[in-house]
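See structure below.
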Amino acid sequence: METLAQQRRKASKPLLWIGIGSIIMAFSGLTSGYVVSRTTLVESGNWLVFESPTAFNYSTVAIIASSLTLWLGKKAISNGEEGRLRLFLWLTIVFGVVFAVLQVRGWGELINEQVFFTGPGSNPAGSWVYAISLFHLAHLGGGIISLLYTTVRAYGGKYSQEDYHGVQLASIYWHFVDLLWIYLFIFLTLIR
C-alpha cells in the first residue's frame with residue numbers, strides 16, 4: 001500500500017497540469033476580453049493606440065534567459081551536479097526578479113506616455129495592458145516563491161540524480177509562465 005507521501009508525489013504533476021489549465025483559461029478570457037473591447041472601441045473611435053513599453057522587450061529577454069538557466073539547472077541535477085543546480089536556480093530567480101522590475105518600469109513608461117490603468121484620462125486599451133501584465137506578474141511571483149522553496153530544498157540535499165521531482169515540478173510551472181509571457185507579449189504587440 002502506498003504511503004501518503006507517495007500518493008502526494010504521484011498526484012502532484014497531474015494537479016500542476018490542472019492548475020496550468022485553469023491559468024490558461026483565465027488568460028484566454030483576458031485576451032478574449034481585450035479583443036472584444038478593441039473591436040468595439042476601434043469602430044467607435046475610442047481605442048487608444050500606443051507603443052508597447054521598451055522595458056517589455058527587455059523583460060522578454062530576461063524571462064527567456066530564466067528558462068535557459070532553469071533548463072541548465074535541471075540538466076545539472078540529472079547529471080548529479082547538485083552545486084550547479086543551486087547556482088542555476090539562483091540565476092533563474094535573479095532573472096525572474098529582473099523581469100518583474102522591468103515590468104514595473106514598463107508601467108512607468110506607460111504612465112509617462114499618459115497611458116493610465118484607471119481614473120481620469122484612462123482608456124480601456126491601456127487598462128487591458130496593465131491588467132494582463134499585472135495578472136501575469138502575479139503568477140510569476142508564485143513561480144519565484146516556488147523556485148525559492150526548491151532552492152532551499154536543494155541546499156538541504158533533497159534532490160539527487162535519481163530523484164529531482166520537485167525541480168521538475170518547478171520547471172514545468174516556470175517554463176509555462178515564461179511561454180505565457182511570450183504569447184502575451186506577441187499578442188499585445190500585434191493586436192493594437
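Here the structure is a predicted model, which means the values were calculated and not measured.
- The other residues sharing a hydrophobic cluster with Ile18 are Leu15, where clustering joins ILVMFWY side chains under 4.5 Å apart.
- Applying the under-4.5 Å side-chain rule to Ile, Leu, Val, Met, Phe, Trp and Tyr, the cluster around Leu102 extends to Tyr58, Val94, Val98.
- Cluster membership for Val152 and Tyr164, using ILVMFWY side-chain heavy atoms within less than 4.5 angstrom, is not shared.
- Between Ile23 and Tyr173, the closest side-chain pair of non-hydrogen atoms falls below 4.5 Å.
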Give every donor-acceptor pair under 3.5 Å between a side-chain atom in residues 109-122 and any protein atom, sequence neighbours left out.
{"residue": "Glu109", "atom": "OE1", "partner": "Thr54", "partner atom": "N", "Å": "2.7"}
{"residue": "Glu109", "atom": "OE2", "partner": "Ala55", "partner atom": "N", "Å": "2.9"}
{"residue": "Asn112", "atom": "ND2", "partner": "Gly108", "partner atom": "O", "Å": "3.4"}
{"residue": "Ser122", "atom": "OG", "partner": "Gly119", "partner atom": "O", "Å": "2.8"}

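- Between Asn57 and Val61 there is no side-chain heavy-atom pair separated by less than 4.5 Å.
- Residues Arg38 and Val36 fail the side-chain proximity criterion, which asks for heavy atoms closer than 4.5 Å.
- Across every non-hydrogen atom of Gln103 and Ser59, the tightest pair is NE2-OG, 2.8 Å.
- The backbone N or O of Val42 lies less than 3.5 Å from no partner atom in the side chain of Asn46, so there is not a single donor-acceptor pair.
- Annotation for Met25: hydrophobic cluster partners, listed by chain and number, are none (ILVMFWY side-chain heavy atoms under 4.5 Å, direct or chained).
- Going from atom CZ of Arg84 over to atom NZ of Lys75 covers 9.0 Å, rounded to the nearest 0.5 Å.
- Trp128 and Val104 fall within the same hydrophobic cluster, defined by Ile, Leu, Val, Met, Phe, Trp and Tyr side-chain heavy atoms under 4.5 Å apart, directly or through other members.
- Pairing each heavy atom of Ile77 with each of Glu82, the nearest pair is CD1-CG, 3.6 Å.
- The two atoms that bring Ala170 and Leu70 nearest to each other are O-CD2, 4.2 Å, heavy atoms only.
- Qualifying side chain to side chain donor-acceptor pair (under 3.5 Å) partners for Asn123, counting only residues two or more places apart in sequence or in other chains: none.
- Here the CG-CZ distance, from Leu30 to Phe187, works out to 9.5 Å after rounding to the nearest 0.5 Å.
- Between Asp163 and His165, the closest heavy-atom pair is OD1-N, 3.4 Å.
- For Trp174, the side chain to side chain donor-acceptor pair (under 3.5 Å) criterion is met by Ser66, Asp178, not counting sequence neighbours.
- Separating the OG atom in Ser78 from the CD atom in Gln161 is a distance of 7.0 Å, to the nearest 0.5 Å.
- Between Phe27 and Trp181, the gap from one ring centroid to the other reaches at least 6.0 Å.
- The hydrophobic clustering, which links ILVMFWY residues whose side-chain heavy atoms are closer than 4.5 Å, places Ile64 and Leu91 apart.
- Residues satisfying the side chain to side chain contact (heavy atoms under 4.5 Å, CB included) criterion with Gln6, sequence neighbours excluded, are Glu2, Thr3.
- Nearest approach of Ala76 to Leu85, heavy atoms of both residues: CB-N, 4.0 Å.
- Residues in residues 62-83 take part in no ring-ring contact (aromatic ring centres under 6.0 Å, His included) pair, two or more places apart or across chains.
- The shortest distance between side-chain heavy atoms of Leu188 and Ser52 does not fall below 4.5 Å.
- Residues Leu137 and Phe95 do not share a hydrophobic cluster, defined by chaining ILVMFWY side chains whose heavy atoms lie under 4.5 Å apart.
- Atoms CD1 and OG1, from Ile132 and Thr31 in turn, are 6.5 Å apart once rounded to the nearest 0.5 Å.
- We find the CG-CD1 distance between Leu179 and Ile63 to be 9.0 Å, quoted to the nearest 0.5 Å.
- Aromatic rings from Phe99 and His136 are positioned such that their centres are separated by under 6.0 Å.
- In this structure, Tyr34 and Trp47 have perpendicular ring planes: the angle between them is above 60°, well past the 30° mark.
- Taking Tyr159 as the reference, Arg153 meet the side chain to side chain donor-acceptor pair (under 3.5 Å) condition, with sequence neighbours excluded.
- Checked against side chain to side chain contact (heavy atoms under 4.5 Å, CB included), Ile24 has the following partners two or more places apart in sequence or in another chain: Ile20, Ser28, Phe176.
- Scored by the side chain to side chain donor-acceptor pair (under 3.5 Å) test, Ser160 finds Glu162 as partners (sequence neighbours excluded).
- In terms of heavy-atom proximity, Phe56 sits nearest to Gly106 at CE1-CA, 3.8 Å.
- No side-chain heavy atom of Thr69 sits under 4.5 Å from any side-chain heavy atom of Trp90.
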Enumerate, atom names and distances included, each donor-acceptor pair closer than 3.5 Å involving a side-chain atom of residues 138-151, sequence neighbours excluded.
{"residue": "His139", "atom": "ND1", "partner": "Phe135", "partner atom": "O", "Å": "2.8"}
{"residue": "Thr150", "atom": "OG1", "partner": "Ser146", "partner atom": "O", "Å": "2.8"}
{"residue": "Thr151", "atom": "OG1", "partner": "Leu147", "partner atom": "O", "Å": "2.7"}

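- The same ILVMFWY cluster, assembled from side-chain heavy atoms under 4.5 Å apart, contains both Ile172 and Leu180.
- Between Leu72 atom CG and Ser67 atom OG the span is 10.5 Å, to the nearest 0.5 Å.
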